[in-house]
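The block underneath contains the structure these notes are about, expressed in structure tokens.
Order of appearance sets the numbers: ligands from 1, and atoms from 1 within every ligand. Counting begins at 1 with the first residue of the sequence. Side-chain atoms are counted along with the backbone in the values below, which use heavy atoms only and exclude waters and symmetry mates.
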Amino acid sequence: MRRIFSGIQPTGSLHLGNYFGAVRNWVQLQDQVPECIYCVVDYHAITGGIEPGELARRTRQLAGDLVACGIDPSRSILFVQSHVPEHTELAWVLSAFAAYGDLSRMTQFKDKAERSKHISAGLFTYPVLQAADILLYLADGVPVGDDQSQHLEFTRGIARRFNQLIGVEYFPDVATLLSDGKRIMSLADPDSKMSKSLGDKHYIGLLEPASAVAKKIRSAVTDIGGEATATVSPGVANLLDLLHLCGAADKADELTASALAGELRYGDLKLVVAEQVNALLEPIRERRAQLSDAEVVDILRSGAQRARDIAAATMTRVRGLIGVGPEAL
Ligand code: TRP
């Protein structure tokens, strides 16, 4: 693996589900891959509706959170999608290679369309822009959660079709690098994935004060307990998963055994989980508090410059290959 690319939507501040599902993996990959490119995808965000005034704030907030989590701008390229116009330019080119039938089979589109009053054309062609994000950098791999597997398969399909129709092996075959580990579920509804859209009590924001984190964990749905069962309830399993992810595997195994024996007091479990989660979040909160808006804007400016050098070279080549742009005449 020489170069990887990944993107995240600017939903404002990050939560634990984002952290364990993607961001922690991004941070770790910096030690393994020479070139890591991470992008806040604001043009994807507008496909679900626009709240003017909010988007820029959320983009800046998220970028700062990523740095606080350990995305290191001296090693990785961190930038905002709309600052590199080649993303939308390549998306248009690739839309000519994308099949309408494939797009209409995307489960993320079908899910989102079901929940929307206004289904934008952008929501439908969203995977084409995602393919452009990745192929623009000729990335070898893309670290994502398993909900993105279909979009990556689609990206490989577009790359192959482009190469075949143009007659060159230009775009690489991109590998899907799945984050390992279970996905974190909502605290208040452990059958749904942790997400901000469910409401405040469902997620733990990375920047929430320690007392608020402890309170949310204390209120997490478990079950009545006190009875030996073959498996633990989804809520308890989620708390135990959190312990594992925080690096307290021994503790988690011990508590799992006593839960299965019907001997675990959930109050005790919640105390341990709150302690571990806060120990993990404390340094992130501290780093985030040190980071000014001006510093974040600066990081994003130099990130966009570095991204653009790569993106511009790809677009020059793509224009040449399909015969558009002034140099083609
Ligand atoms: N669709 C991705 C998500 O919802 C975000 C994304 C956009 C992305 N472009 C990308 C992820 C490129 C990986 C690579 O999470």
Side-chain angles (χ1 to χ4, degrees), residues 1 3-12 14-15 17-27 29 33 35-49 55 58-59 62-63 65-66 71 76-91 94-95 98 102-103 106-113 115-116 120 122-159 171-179 183-184 193-197 303 307 310-311 314:
M1 236 1 89
R3 184 187 281 163
I4 57 164
F5 179 98
S6 198
I8 185 166
Q9 289 213 33
T11 48
L14 290 168
H15 59 69
N18 305 129
Y19 183 73
F20 289 126
V23 177
R24 188 165 71 162
N25 194 26
W26 292 12
V27 173
L29 283 163
V33 180
E35 267 189 289
C36 299
I37 308 177
Y38 299 127
C39 182
V40 179
V41 292
D42 52 352
Y43 273 146
H44 276 108
I46 66 172
T47 62
L55 185 54
R58 286 185 188 149
T59 297
L62 179 68
D65 280 19
L66 290 172
I71 300 298
S76 296
I77 299 180
L78 176 64
F79 76 106
V80 180
Q81 188 183 37
S82 66
H83 301 186
V84 179
E86 283 82 359
H87 285 253
T88 46
E89 188 178 357
L90 182 59
L94 295 183
S95 74
D102 288 344
L103 284 171
M106 294 291 135
T107 55
Q108 187 166 310
F109 169 71
K110 289 194 273 190
D111 289 348
K112 287 189 180 175
R115 286 184 270 120
S116 320
S120 69
L123 192 64
F124 185 68
T125 56
Y126 176 118
V128 180
L129 181 57
Q130 182 164 350
D133 294 340
I134 297 163
L135 297 176
L136 197 48
Y137 299 93
L138 309 172
D140 313 302
V142 180
V144 281
D146 60 0
D147 62 326
Q148 293 300 311
S149 297
Q150 196 185 26
H151 285 165
L152 289 192
E153 192 51 49
F154 175 79
T155 300
R156 283 187 284 273
I158 289 200
F171 288 125
D173 212 32
V174 199
T176 306
L177 310 173
L178 289 181
S179 316
R183 56 169 58 173
I184 290 302
K193 192 172 112 169
M194 181 178 283
S195 125
K196 277 181 139 181
S197 56
I310 305 170
T314 305

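- Listed by chain and number, residues touching ligand 1 at under 4.0 Å (heavy atoms only) are Phe5, Ser6, Gly7, Val41, His44, Gln108, Tyr126, Gln130, Asp133, Ile134, Val142, Val144, Gln148.
- Take Ser195 and apply the side chain to side chain donor-acceptor pair (under 3.5 Å) test, not counting sequence neighbours, and it matches Ser197.
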Do Leu136 and Ile310 pass the side-chain contact (heavy atoms from CB on, under 4.5 Å) test, and can you show the C-alpha distance, the side-chain angles, and the key distance before you say yes or no?
-> CA-CA 8 Å; Leu136 197 48; Ile310 305 170; over 6 Å; no

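- Checked against ring pair (Phe, Tyr, Trp, His ring centres under 6.0 Å), Phe109 has the following partners two or more places apart in sequence or in another chain: Phe124.
- For Arg3 (side chain) and Tyr137 (main-chain N/O), a donor-acceptor pair under 3.5 Å exists by modelled atom type.
- A donor-acceptor distance shorter than 3.5 angstrom exists from the side chain of Gln81 to the backbone of Tyr43, with no hydrogens or angles considered.
- Scanning for side chain to side chain donor-acceptor pair (under 3.5 Å) contacts around His151 gives Gln130, Gln148, with sequence neighbours left out.
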